Amino acid sequence: MIEFIIAVISVLVGVGGTFAYEKQRQVSLRTKAEKELASAKTKASDIVLRAKDEAMRLENERRHELKKIESRLSEREVTLDNKIDDLDKRSEKLRAEERDLEKLKDEIRDIRSKQQDKLEKIAKLSKTEAAEKLMQMTERDIKNDLSNLVVKLQNDATESAEDIAQTIILTAMERMSSEVTAERTVTAIKLADEEMKGRIIGKEGRNIQSLQRATGVDILVDDTPGMIVLSSFDPVRRQVARLSLELLMKDGRIHPGRIEEVVTKAENEINKEINRAGEDAAREVGVVGIPKEMLRLLGELKYRTSYGQNVLLHSVEMAHLAGLIAEEIGADVRVAKIATLLHDTGKAVTHKMEGKHHHIAAELARKYGMSEEIAHAIEAHHDDIEATTPEALIVRICDALSTARPGARNISAENFVERMRDLENIALGFNGIDKAYAISAGREVRVIVSPQTVDDLSAIKLARDIATKIESTMQYPGTIKVNVIRETRAIEYAK
């Protein structure tokens, strides 16, 4: 029991000691905190005082700087006022000088007017009459010189223009090569034997009648051994008939039912070939964006010829030339290529539509949404429409290049002689002409005039008139040079 009491007392004493220690520690901490707070307040007061001093110093510096700025502005204001005063003085002086100058001009005008009146009284001519007489005298004196100058300028312009044009065209032709011989439309089919003619005709002519109805082509079976001839104005139908006959002869079964089936198959095949030909031509030339309807018409040109020249090959050749020339002169290459490629598409429908093929092609181009630049270039590639754009002129030039090159077309000797005779007759139809010769294969007309009837100025006009009449009355590839020659000879004998 005593031990327990002792233990309790020990515990109480320990707790009391701990409490006293803790109280003593708290008092010590509070004292320390109060000291640190007082120190912090002292430091804060010092910082505030230093900040106030710094702010005061900055304020003084700013006021000093402002005073300097105000002083400089005052000086500049004074300077500007002085300059404005000087400008006002100068302006006033200039206005005074202008007034004096106007007075002098008025005086000069009065003096000039009085002198002119005196001169008119002395000469008994007005100013207008004197000017007219002077012009008449001058024109009479220098008429020959003006004539020679006009001729010289025309020759210089022609020579330089021809040199440049020849360089561009020859460059294009050197870079472009094509076949000399032209492809011809096939109108005859070779048979394996004479027995095949009878099978094609059929019993009582049923087979050949069925073929003619299905294809729209006249089939001519004559006495020519191993050959039958297809006749039609539509080259596409003629190709359908050709392919149909080839398929029937290869298959061997020829009767009306089989004929209709084969003709339908041949039409589908020819349509595919037409579409493929148009797309291949556009791809070869390197143009895109052409409507499908125009590509279809372009493909039909594969089976058309003009004077023995395949029209599709002619169009592709022209498009290549047009691209080369357009690059040289800075024209729109795409417009030039598309216009030349499509310029003859009207020939694919000339048997269906009335009008000239170039007008029809232009109308179709507009109908299918092509630009006016392309439509105009197509329409102006012949002489009845004036070419107003560089691309239209390129189409016209390329058409002449492609059709006039050797081997491009089959032209008979009779037609050639007739064209030469027409050129000479056109020239001889004008007054004052002694002789006319068509030379250089019809590329030049050399006209010799009477010097007593035609003077130099009239010769220039005569050449233009002959050229205009040739353009309006004849059709020809390329250009024709009209060369008017006037010669005066003075002959005298010394006896």
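These figures come from a predicted structure and were not determined experimentally. Any value given below was found using the heavy atoms of this structure, including those in side chains, with hydrogens, waters and symmetry copies removed.
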Looking only at the side chains, is there a donor atom on one of [X] and [Y] sitting less than 3.5 Å from an acceptor on the other?
X: Asp465; Y: Thr468; answer: no
X: Glu363; Y: Tyr368; answer: no
X: His314; Y: Asp399; answer: yes
X: Arg304; Y: Asn310; answer: no

Measure the shortest side-chain to side-chain distance between [X] and [Y] over non-hydrogen atoms and say whether it is less than 4.5 angstrom.
X: Arg238; Y: Thr215; value: no
X: Ile480; Y: Glu444; value: no
X: Val262; Y: Leu243; value: no
X: Leu341; Y: Val287; value: yes
X: Glu97; Y: Glu102; value: no
X: Leu297; Y: Val349; value: yes
X: Val285; Y: Ile338; value: no
X: Thr389; Y: Glu373; value: no

Does [X] use its side chain to pair, donor to acceptor, with the backbone of [Y] at less than 3.5 Å?
X: Glu424; Y: Ala438; result: yes
X: His358; Y: His343; result: no
X: Ser113; Y: Arg109; result: no
X: Lys435; Y: Val447; result: no
X: Glu391; Y: Asp332; result: yes
X: Asn268; Y: Thr264; result: yes
X: Arg396; Y: Ala380; result: yes
X: Arg486; Y: Val454; result: yes
X: Arg95; Y: Arg90; result: no

Indicate yes or no: does [X] engage [Y] in a salt bridge with an N to O separation below 4.0 Å.
X: Glu269; Y: Lys265; answer: no
X: Lys103; Y: Glu107; answer: no
X: Asp344; Y: Lys347; answer: yes
X: Arg366; Y: Glu379; answer: yes
X: Arg464; Y: Glu471; answer: yes

Taking atom [atom1] of [X] and atom [atom2] of [Y], what is their separation to the nearest 0.5 Å?
X: Met318; Y: Ile394; atom1: CE; atom2: CD1; result: 10.5 Å
X: Asp100; Y: Lys105; atom1: CG; atom2: NZ; result: 12.5 Å
X: Lys469; Y: Met474; atom1: NZ; atom2: CE; result: 11.5 Å
X: His381; Y: Leu342; atom1: NE2; atom2: CG; result: 11.5 Å
X: His376; Y: Ser371; atom1: NE2; atom2: OG; result: 11.5 Å
X: His359; Y: Ile378; atom1: NE2; atom2: CD1; result: 13.0 Å

Any idea which heavy atoms bring [X] and [Y] closest together, and the distance?
X: Ala331; Y: Pro390; result: CB-CB, 4.2 Å
X: Ser315; Y: Leu301; result: OG-CD1, 4.2 Å
X: Leu428; Y: Asp434; result: CD2-O, 4.4 Å
X: Glu284; Y: His320; result: O-CE1, 3.4 Å
X: Thr345; Y: Ala361; result: OG1-CB, 3.5 Å
X: Gly346; Y: Ile360; result: CA-CG2, 4.1 Å

Residues Val482, Ile470; criterion side-chain contact (heavy atoms from CB on, under 4.5 Å); working and verdict: CA-CA 10 Å; Val482 179; Ile470 291 173; 4.1 Å; yes
Verdict with reasoning, Tyr437 to Met420, per side-chain contact (heavy atoms from CB on, under 4.5 Å): CA-CA 9 Å; Tyr437 302 98; Met420 299 283 281; over 6 Å; no
Crowding at CG, Asn431 (>12 non-hydrogen neighbours, <6.0 Å):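 Open.
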Criterion salt bridge (charged side-chain N to carboxylate O under 4.0 Å, His left out) on Arg276 and Glu279, from CA distance to verdict: CA-CA 5 Å; Arg276 191 182 305 116; Glu279 293 171 358; over 6 Å; no
Arg419/Asp422 under salt bridge (charged side-chain N to carboxylate O under 4.0 Å, His left out): CA gap, chis, key distance, verdict: CA-CA 5 Å; Arg419 183 160 68 91; Asp422 290 341; over 6 Å; no
Steps toward side-chain contact (heavy atoms from CB on, under 4.5 Å) verdict (Ile433, Leu462): CA-CA 10 Å; Ile433 294 178; Leu462 180 62; 4.1 Å; yes
Working for side-chain contact (heavy atoms from CB on, under 4.5 Å), residues Ile485 and Val449: CA-CA 6 Å; Ile485 301 172; Val449 300; over 6 Å; no
